**Student:** 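Here you go, one structure.
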Amino acid sequence: MIPVTYPFLPPQEKYQEYLNGIWKRNWLTNMGPLSSDLEMKLKKHLNLNHLLFVTNGTVALQMAIKALQLRGEIITTPFSFVATTSSIVWEGCQPVFVDIDKDSLNLDATKIEAAVTENTSAILATHVYGNPCDVEAIQKIADKHNLKVIYDGAHAFGVEVNGKSIFEYGDISICSLHATKLYHSIEGGLVVTKNADLLKKLAYIRNFGISSPDTFVELGINGKNSEFHAAMGLVNLDFIEEIHRKRKELTEAYDAGLANLKAFKPKWNKNATENYAYYSIVLESEALLLKLKERLDAHEIFTRRYFYPSLASALPYIETQALTTTDSLSRRVLCLPLYYDLTLEEVELICRLMLRIQNN
Ligand SMILES: *Cc1c(COP(=O)(O)O)cnc(C)c1O
């Protein structure tokens, strides 16, 4: 059986070493020493001044919307994980969907301006598969209309654009450290901002709005993460180069093996580095996708329609909206197995099978 994803687990004894420390200190959660150490090491690794380690990527998004005091309409992408949209609705705002770019599958920056109204407060865009949005174009529109920008960088760990971390862009960026993501702390998330005051506010929000034992300065939530999760993040950080190297190798094997497949790969931002978080292809037709998926399933090789369906047509709490490019691409997009423990032989097998299925 080949799953579509398989969480990375480090050697157990490396994790065990951290557990001994936790037992000694008896400090389990609430911004403990391992959480602080993880924040410090991630800042260094990602070359960032400010970030917070939080519960998960979804709470990170909700905290971002709350901290920026967004109201009314938020322009967003229908081609993302459901948390991008549900966070907007959860925070009492209204998602306004704009279609995606047919090459990058990211929010189409050229279509944003037409969707701005007097009720628009922000743009929330996803760096799909870790591929940076057109951050300059988006910022220009935001500046012109006085809008905030949040990036859902759940997939974008380690990506650099124009020589700096992708998380430096926008007012706030978030990342997910969920077990299925490229780099993980089992459950976890990051909130990133360049603005020190905003970071302080986010830190209060993370801890119920508490500023001292008897003072509350913000409407907060429990966005803290535990020492056990921080420990997994710390151990996994030691393997990130190795994880990256392996995923790059597997990606190149797919590229070579699938050259004759009737499909294209989303076009990567030319100013950005790649993190090999996903191997995603857009098939020529949905019929070909369904044939491939069904026959691969029969071989116990599992793929994922990610993202499908369009968020603008799938959510019971939102009025359905047709969007030409999103509807067409989301029906044809397929993510293939990609994870640290996958072997080159398995990738070659998957490629051979896919070509055989396509050709008969
Ligand atoms: C995984 C994911 C999230 C949610 O992150 P969690 O840590 O699972 O809460 C949000 N947006 C995107 C695009 C994701 O892939």
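Just so you know, ligand 1 is whichever comes first in the structure, and atom 1 is the first atom listed for that ligand. All figures in this text were calculated on a predicted structure; none of them were measured in a lab.
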**Student:** If only atom types and distance count, is the side chain of Glu227 paired as donor or acceptor with the main-chain N or O of Ser35 below 3.5 Å?
**Tutor:** yes

**Student:** Spell out, as yes or no, whether a donor-acceptor pair under 3.5 Å connects the side chain of Asn236 to the backbone of His184.
**Tutor:** yes

**Student:** If the cut-off is 4.0 Å to any non-hydrogen atom of Gly188, which atoms of ligand 1 fall inside it?
**Tutor:** 7 (O)

**Student:** Tell me whether Ser176 has any N or O atom under 3.5 angstrom from an N or O of ligand 1.
**Tutor:** yes

**Student:** Touching ligand 1 at all, Tyr306? Heavy atoms, strictly under 4.0 Å?
**Tutor:** yes

**Student:** Give me the one residue out of Thr76, Leu107, Ile74 that meets side-chain contact (heavy atoms from CB on, under 4.5 Å) with Ile123.
**Tutor:** Leu107

**Student:** Would you say Ser87 touches ligand 1, if touching means a heavy atom closer than 4.0 Å?
**Tutor:** no

**Student:** Which atoms of ligand 1 have any heavy atom of Ala154 under 4.0 Å away?
**Tutor:** 2 (C), 3 (C), 10 (C), 11 (N), 12 (C), 13 (C), 14 (C), 15 (O)

**Student:** Assess whether a salt bridge exists between Glu242 and Arg245, defined as any Lys/Arg side-chain N lying under 4.0 Å from an Asp/Glu carboxylate O.
**Tutor:** yes

**Student:** Using atom types as modelled and distance alone, determine if a side-chain donor or acceptor of Gln358 lies under 3.5 Å from a backbone N or O of Asn260.
**Tutor:** yes

**Student:** If the cut-off is 4.0 Å to any non-hydrogen atom of Asn56, which atoms of ligand 1 fall inside it?
**Tutor:** 7 (O), 9 (O)

**Student:** With a cut-off of 4.0 Å, which atoms of ligand 1 are near a heavy atom of Lys181?
**Tutor:** 1 (C), 2 (C), 14 (C), 15 (O)

**Student:** Near Ser80, which atoms of ligand 1 are under 4.0 Å from a heavy atom of that residue?
**Tutor:** 13 (C)

